[in-house]
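This chain uses plain numbering: 1 for the first residue, then up along the sequence.
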Amino acid sequence: MLTEIVILAMIAAFLGLRLYSVLGQRAEHEEESITQKYDPGSNKAGQPAQPQTAAPAAQPRVVELEGVVPAVERGIREISDADRSFDLPGFVEGAKGAYEMVLEAFWTGDRETLRELCDDDVYEGFTGAIDAREEAGQTLENKLIRIEESRIHSASLDNRMARISMLFVADIASVTRDKDGNVVAGSLDDAIESRDIWTFSRNIGSRDPNWVLDETDEG
C-alpha cells in the first residue's frame, strides 16, 4: 500500500513538472508578447517583426543670430517658429533691395513701384510729397552712394502679424531743381549721411510671401 502511494506521488510530481514546463513558458511568452508593440507593416515573410519605437520629437528650428540684443533675438525666433518659410539672411538682403527701390521710386515719382512695396499709409505719405513737389515744379536728382550699415533694429510677432524694423545708414547725394532746371538745394558733390529706421510687415497667415514697408522713421 505504501509502495503504491509513493509511486502515485512520483507520478503526480512528474505531471506537475511537465505542466509547469509548458504552461509556465507559455505564460512568460504571452506576457512578453503583450508588453512589446509591433509594427504590422514591418513583419515581412521570413523576418521577425521589430518593436515599434516612438517617433523622434520635432527639433526646434535653428536660426543663426549674432550681435543682436535679446529682445530682437526673441522676436526673430518667434517669427521663424511661426513661419517655417522665413529666411533671415534672405529677408535682410530683400530689405536692403527694397530700401534702394523705394528711395529711387520716390525720387523719380514712380507711384506704381511705391504702391507695390508700401502699405496704404506709407504710400499716401510718399505720394503726397510727390504731388506737392510736382505742383511746385520741382524735381529731385538724388543718388544713393552707398549703404554703410544695415541691421535689424527690432522684431516682433503680434498674433499673425510679423514686423521687423531695419536701421539703414547710407550716404546720399541730394539735389533739388526748379522747373527751369536750376539747383535750389543740395549738391551731387557732397553726400550726406542718412539714418533711417524702416519697418516691414507681413501677415504670416497670408499666401503672399512679400513684406511691405509700413513705417518710416529717422534713425
Side-chain angles (χ1 to χ4, degrees), residues 65-69 71-73 75-76 79 86-156 158 161-204 206 208-219:
L65 295 172
E66 295 182 1
V68 299
V69 298
V72 173
E73 180 178 355
I76 291 297
I79 294 171
F86 177 72
D87 174 62
L88 182 58
F91 169 83
V92 172
E93 288 303 311
K96 289 172 62 177
Y99 179 71
E100 299 178 18
M101 292 176 64
V102 169
L103 287 180
E104 185 67 24
F106 172 66
W107 294 337
T108 60
D110 183 355
R111 293 175 175 80
E112 183 177 351
T113 298
L114 292 173
R115 177 69 281 178
E116 294 176 355
L117 299 175
C118 305
D119 76 349
D120 293 341
D121 292 339
V122 175
Y123 174 75
E124 291 176 1
F126 278 133
T127 55
I130 293 173
D131 292 340
R133 190 174 70 212
E134 291 177 348
E135 289 178 4
Q138 296 179 341
T139 57
L140 296 181
E141 192 177 320
N142 295 3
K143 183 177 181 181
L144 175 63
I145 306 300
R146 69 181 64 86
I147 297 178
E148 296 283 359
E149 181 183 359
S150 60
R151 60 180 172 85
I152 298 176
H153 182 265
S154 65
S156 64
D158 184 10
M161 184 60 67
R163 302 180 83 243
I164 301 178
S165 298
M166 293 286 299
L167 169 65
F168 296 106
V169 180
D171 293 332
I172 297 176
S174 177
V175 171
T176 302
R177 298 183 182 274
D178 62 17
K179 61 181 180 180
D180 296 323
N182 300 315
V183 175
V184 296
S187 170
L188 289 177
D189 297 328
D190 298 319
I192 300 175
E193 182 182 87
S194 175
R195 299 178 63 90
D196 299 301
I197 297 177
W198 285 17
T199 302
F200 299 87
S201 66
R202 176 178 178 266
N203 186 335
I204 61 175
S206 171
D208 186 354
N210 296 319
W211 294 69
V212 296
L213 176 63
D214 78 354
E215 188 175 345
T216 61
D217 292 302
E218 294 183 357

Name all pairs fulfilling the ring-ring contact (aromatic ring centres under 6.0 Å, His included) condition that reach into residues 164-200, sequence neighbours left out, sorted by first residue then second.
Y99-F168, Y99-W198
Check: F86 and I204 side chains under 4.5 Å, non-hydrogen atoms:
no
Determine the minimum heavy-atom distance between A173 and S187, stating which atoms define it.
CB-O, 4.1 Å
Crowding at CD1, I145 (>12 non-hydrogen neighbours, <6.0 Å)
yes
N142: partners by side chain to side chain donor-acceptor pair (under 3.5 Å), with sequence neighbours left out:
S174
Can you tell me how far CD1 of I164 sits from CD1 of I79, rounded to the nearest 0.5 angstrom?
4.0 Å
Taking side chain to side chain donor-acceptor pair (under 3.5 Å) as the definition, give me every residue that meets it alongside D121, ordered by chain and number, with sequence neighbours left out.
none
Is the closest side-chain heavy-atom distance between I172 and I192 below 4.5 Å?
no
Distance in Å, M166 CE paired with R151 CZ, rounded so as to fall on 0.5 Å steps
9.5 Å
According to side-chain contact (heavy atoms from CB on, under 4.5 Å), who are the partners of Q138, at least two apart in sequence or on a separate chain?
R133, A136, T176, V184
Report yes if some heavy atom in the side chain of K96 is under 4.5 Å from a heavy atom in the side chain of E93; otherwise report no.
yes
Find the distance between CG (L117) and CG (L213) and round it off to the nearest 0.5 Å.
8.0 Å
side-chain contact (heavy atoms from CB on, under 4.5 Å) with E134: which residues, sequence neighbours excluded?
R111, I130, D131
Which heavy atom in I76 sits nearest to a heavy atom in A155, and how many Å separate them?
CD1-CB, 3.7 Å
Going by salt bridge (charged side-chain N to carboxylate O under 4.0 Å, His left out), name the residues that satisfy it together with D171, two or more places apart in sequence or in a different chain.
R146
What distance separates L103 CG from F126 CZ, expressed to the nearest 0.5 Å?
7.0 Å
Who passes side-chain contact (heavy atoms from CB on, under 4.5 Å) against D120, sequence neighbours left out?
R115
Contact list for residues 177-201, test salt bridge (Lys or Arg N to Asp or Glu O under 4.0 Å), sequence neighbours left out:
E141-R177
Atom CD of E149: over 12 foreign heavy atoms under 6.0 Å:
yes
Once side chain to side chain donor-acceptor pair (under 3.5 Å) is applied, do any residues pair with E148, and if so which ones, sequence neighbours excluded?
none
Contacts of R202 meeting salt bridge (charged side-chain N to carboxylate O under 4.0 Å, His left out) (sequence neighbours excluded), chain-then-number -> D83
Is there a side-chain contact between I152 and L88 (heavy atoms, below 4.5 Å)?
yes
Start with the C-alpha gap between D214 and R163, add the side-chain angles, then the distance that decides, and say whether salt bridge (Lys or Arg N to Asp or Glu O under 4.0 Å) holds.
CA-CA 9 Å; D214 78 354; R163 302 180 83 243; 3.3 Å; yes
For S165, enumerate each residue passing the side chain to side chain donor-acceptor pair (under 3.5 Å) test, keeping only those at least two apart in sequence or located in another chain.
S154, T199
Just verifying a value: how many Å separate L144 CG and S194 OG, rounded to the nearest 0.5 Å?
9.0 Å
Tell me every residue that passes side-chain contact (heavy atoms from CB on, under 4.5 Å) with E112, counting only those two or more places apart in sequence or in another chain.
D110, E116
